[in-house]
Visitor: 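Below you will find the structure I want to go over with you.
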Amino acid sequence: MRRDPLPGAGPAAETRPDALYSAVFRGVLSRMDPEDAHHLAVRGLRAAHALGITRVLERMTRPDPSLAREVLGHRWPSPFGLAAGFDKGAIAVLPLAALGFGHVEIGTVTAQAQPGSPRPRMFRLVKDRALINRMGFNNDGAEEVRHRLDETRRRIEDLKAAGRHAPVVGVNIGKTKVTPLDDAVEDYLISTRRLAPVADYLVVNVSSPNTPGLRQLQDIEALRPLLEAVAREADSVARRHVPLLVKIAPDLADDDVDAVADLVADLRLDGVIATNTTISRDGLQTPISVVEAAGAGGLSGPVLAERAVAVLSRLRARLPEQTVVISVGGVVSAADVAERLRSGADLVQGYSAFIYQGPFWVRRINRGLAAMAPDRLRRGTRRGRPGASAAADGGSAGHA
């Protein structure tokens with residue numbers, strides 16, 4: 001049942017963090033190194049979960065049942081989830097889900113553990129509510145993350161059996177930095193063998209700007225054999241179909257976006273995640289001296305929204321109707337999520353606004369979505385490549 005609009009709800013209310021978090025952010029978190037603040041927040045979430053506080057929190061934050069949808073063979077409690085990058089090692093999946101996320105995408109995970117780039121490597125652009133990061137895929141490696149996800153999956157099954165909020169869990173994999181590009185396929189396959197069996201869906205990340213040479217794998221000649229190999233291996237080791245998506249950069253030219261869409265359709269891949277962070281610095285209000293001081297890295301935040309919507313619309317028009325598109329980049333409010341869904345996204349992710357909005361951000365988004373008329377959360381028109389029927393586009397999505 002659709003909820004009535006919340007008192008005081010509206011665009012301004014949706015994008016305004018609660019007063020307590022605003023005070024904490026201004027007085028404490030904004031004075032800390034962003035990465036240290038992140039680790040503090042994760043420790044707090046894990047402590048709250050260990051003490052049973054998140055069980056109480058879940059009653060306040062659980063998405064309205066009207067928001068649930070079936071995508072990629074799974075039931076998603078909400079179309080809105082947490083993008084990869086926040087929980088790189090699967091150490092806080094359930095505490096994060098208790099905030100109301102319909103799914104949590106962990107990673108990026110690489111075959112080998114690696115420390116990532118030297119610190120400092122994350123920077124806030126507060127005036128733009130944006131972030132610059134050059135984390136460099138710091139993570140504990142596929143083997144260690146697999147052990148954590150084994151336990152997480154058991155606990156998720158217990159939650160489902162008890163009728164409680166249980167998230168969909170995606171696993172985002174990337175290339176180990178020291179692995180040469182010529183050996184990239186085998187590097188991805190090592191991660192696939194370990195992680196596909198515990199993933200509700202798997203994401204091949206070829207679009208981070210922080211691993212040298214990685215974005216070259218978006219070239220179609222390199223991308224095709226990589227996706228073909230990961231698709232085969234994932235289904236083989238999991239002994240089931242593991243939905244496979246590829247995550248692309250917003251900096252791809254339109255023709256290259258089209259080429260990736262055509263490849264995804266040709267391989268009958270399950271979907272695309274669009275988009276990753278950008279190397280562009282256009283459109284920022286932050287003084288150029290501050291931006292330059294932050295240095296290289298991927299930019300995320302509201303400034304990315306326009307390009308993210310453009311790439312989404314282009315993909316949706318080019319891809320078969322049944323191919324899933326997950327939109328990410330610049331999402332702040334329930335209205336933003338609704339716009340992405342109407343523009344053709346099946347699911348939506350956020351990250352940067354979580355830092356600025358605080359733990360009840362996702363609750364505000366879910367409540368805002370539940371208060372909307374259902375037609376505001378559906379695609380505005382039937383999509384698919386012009387002139388192509390669903391049958392001509394290859395039927396149901398899945399690996400060839």
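Bear in mind the structure is a predicted one, so any value in this text is a computation, not a measurement.
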Visitor: Mind checking what makes side chain to side chain contact (heavy atoms under 4.5 Å, CB included) contact with Val237, not counting sequence neighbours?
Guide: Arg193, Ala196, Pro197, Glu233
Visitor: Is a side-chain N or O of Arg69 found less than 3.5 angstrom from the main chain of Asp346, in a donor-acceptor match?
Guide: yes
Visitor: Pairing donors with acceptors under 3.5 angstrom, does anything connect the side chains of Asn205 and Ser207?
Guide: yes
Visitor: Salt bridge check, Asp375 against Arg342: does any charged N sit closer than 4.0 Å to a carboxylate O?
Guide: no
Visitor: If you measure from the Lys or Arg side-chain nitrogens to the Asp or Glu carboxylate oxygens, is any gap between Arg119 and Asp36 under 4.0 Å?
Guide: yes
Visitor: Who are the salt bridge (charged side-chain N to carboxylate O under 4.0 Å, His left out) partners of Asp256, not counting sequence neighbours?
Guide: none
Visitor: So, does Gln114 use its side chain to make a donor-acceptor pair with the main chain of Gly136 at under 3.5 Å?
Guide: yes
Visitor: Do Leu57 and Leu159 share a hydrophobic cluster, counting only Ile, Leu, Val, Met, Phe, Trp and Tyr and linking them when any side-chain heavy atoms are less than 4.5 Å apart?
Guide: yes
Visitor: For His165, which residues count as a side-chain hydrogen bond (donor to acceptor under 3.5 Å, both in side chains) partner, sequence neighbours excluded?
Guide: none
Visitor: Within a radius of less than 6.0 Å around CZ of Arg31, do more than 12 heavy atoms belonging to other residues, nucleotides or ligands occur?
Guide: no
Visitor: Among Thr176, Leu181, Val178, whose side chain to side chain contact (heavy atoms under 4.5 Å, CB included) with Asp187 holds?
Guide: Thr176
Visitor: Hey, is the main chain of Phe137 close enough, under 3.5 Å, to the side chain of Asn139 for a donor-acceptor pair?
Guide: yes
Visitor: With Glu151 as reference, evaluate Arg153, His147, Arg154 under the side chain to side chain donor-acceptor pair (under 3.5 Å) test and give the passing residue.
Guide: Arg154
Visitor: I need the single residue from Leu223, Leu269, Leu267 that forms a side chain to side chain contact (heavy atoms under 4.5 Å, CB included) with Glu228. Which is it?
Guide: Leu267
Visitor: If we count only N and O atoms by modelled type, under 3.5 Å, do the side chains of Asp200 and His103 hold a donor and an acceptor together?
Guide: no
Visitor: For the residue pair Tyr21 and Phe25, does the interplanar ring angle fall in the parallel (under 30°), tilted (30 to 60°) or perpendicular (over 60°) class?
Guide: tilted
Visitor: Would Ile365 end up clustered with Val309 when hydrophobic side chains under 4.5 Å apart are linked, directly or stepwise?
Guide: no
Visitor: Please confirm whether the backbone N or O of Asp336 pairs with a side-chain atom of Ser333, one donor and one acceptor, at under 3.5 Å?
Guide: yes
Visitor: With sequence neighbours excluded, tell me which residues meet salt bridge (charged side-chain N to carboxylate O under 4.0 Å, His left out) with Glu144.
Guide: Arg148
Visitor: Is the gap between the ring centers of Phe354 and Phe86 under 6.0 Å?
Guide: yes
Visitor: Mind checking who shares a hydrophobic cluster with Leu51, ILVMFWY linked at side-chain heavy-atom distances under 4.5 Å?
Guide: Ile53
Visitor: According to a hydrophobic-cluster definition based on side-chain heavy atoms being under 4.5 Å apart (Ile, Leu, Val, Met, Phe, Trp, Tyr only), do Leu304 and Leu252 belong together?
Guide: no
Visitor: Residues in salt bridge (charged side-chain N to carboxylate O under 4.0 Å, His left out) with Lys160, at least two apart?
Guide: Glu157
